[in-house]
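Source: prediction; values computed, not measured. When a ligand or atom number is given, it counts from 1 through the structure's own listing order.
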Amino acid sequence: MNRRTLLGATAFAVLGWAGLATAQDLPPLEQKDSYTVGFAQSESNNPWRIAETKSFQDTAAQCGWNLIVTDAGGSAAKQVADVDSMIAQGIDVLFLPPREESPLIPAVMRAKAAGIPVFLVDRSVDPNVAQAGRDYVAFLGSDFVDQGRRVAEYVIQNFQGEEGKIIELEGTTGSSPANDRKRGFDEAIAADSKFQILESRSGDFARDEGRRVMETLLQAHPDVNIVYAHNDEMAIGAIQALEAAGRKPGEDVMVVSIDGTRDALQAIIDGKMAVTVESSPFFGPLSCETMKRYAAGEAIEPWVKVEDRIFTAENAQESIAGAY
Ligand code: AHR
């Protein structure tokens, strides 16, 4: 009996039948003082990703983590290779924000086969192929569909014009936040015939790409009066493009977004942006707590949900001190 199988037998004895539904197929985790933990970051090209990595690094000492951090530089293939390398190094636990929904699934499966419990953080994988409680322990993160829906509800309630003509800047193609934020927003906005999505195109969650895409779309759709960006970085890029074209974001174009970064809160204070629905990057403490519950033999809920605030002109000033 190898170490993992032996631990599995022990975990079964501890969990009993109550935890069986969740834990039967998953590698168990021994309770001990320190763990070698892998955090395979997808990229570090925006404040959100940097804050997320820092949250793991800040949590490491107090959670007993010997933390290995990698940066895939925006490549799903590199992120897969990073996970494989962590498996080879013998990590005890993997925390993974999969850049896209499908390409990371084989890496998740290999980690499980190597006896390593996997927690997906912030982004998820295609649920038709891999599932929490079976292929990985749990998904820790926000409700991205709800985030998109809340932005749409804000627009419906607050847009003053006769007709809302929307440009949508999507996140990374194939990523769970891009898929879900689009679905949530598009479905909710379709309920009001006053609004029309002129065009929807990916800006890859990046400021420069958001700016470039907005410059192009502005030429095709000069009548735009609402920009919905799937994250704050693209919203800031869009504001730059609008201003360069002589438009007045906040006056003749309503800009709405998701995340809650410092730059977005400042743009709200400056009157250039209307709203950003929070998407917290501070996953370190929640990951520590969930891992410890799992090691203690608790059945972990498939989705450990993060509740998000909303930032508008009413609370941006008081919230900016805690922003990143
Ligand atoms: O997965 C969360 C998204 O990824 C954040 O909204 C974005 O800023 C980041 O790159």
Identify all N/O pairs between ligand 1 and the protein with a separation under 3.5 Å and present them as a table of atom names and distances.
from	atom 1	to	atom 2	distance (Å)
ligand 1	1 (O)	R49	NH2	3.1
ligand 1	1 (O)	D122	OD1	2.5
ligand 1	1 (O)	R123	NE	2.9
ligand 1	4 (O)	R49	NH2	2.8
ligand 1	4 (O)	R123	NH2	2.9
ligand 1	6 (O)	R181	NH1	2.8
ligand 1	6 (O)	R181	NH2	3.2
ligand 1	6 (O)	D259	OD1	2.6
ligand 1	6 (O)	D259	OD2	3.3
ligand 1	8 (O)	N231	ND2	3.0
ligand 1	8 (O)	D259	OD2	2.6
ligand 1	10 (O)	N46	ND2	3.1
ligand 1	10 (O)	R49	NE	3.3
ligand 1	10 (O)	R123	NH2	3.4

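- Neither side chain, S175 nor E100, offers a donor N or O lying under 3.5 Å from an acceptor on the other.
- Between the side chains of S176 and E101, no donor-acceptor pair of N or O atoms lies under 3.5 Å.
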Check: For D143 and Q147, what are the C-alpha separation, side-chain angles and deciding distance, and is it a side-chain hydrogen bond (donor to acceptor under 3.5 Å, both in side chains)?
Finding: CA-CA 6 Å; D143 185 336; Q147 290 174 344; over 6 Å; no
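- Side-chain N/O atoms of Q89 and S85 include a donor and acceptor closer than 3.5 Å.
- With sequence neighbours excluded, the residues that form a side-chain contact (heavy atoms from CB on, under 4.5 Å) with D82 are T70, A72, K78.
- Side-chain contact annotation: T172 with D204, donor-acceptor N/O pair under 3.5 Å present.
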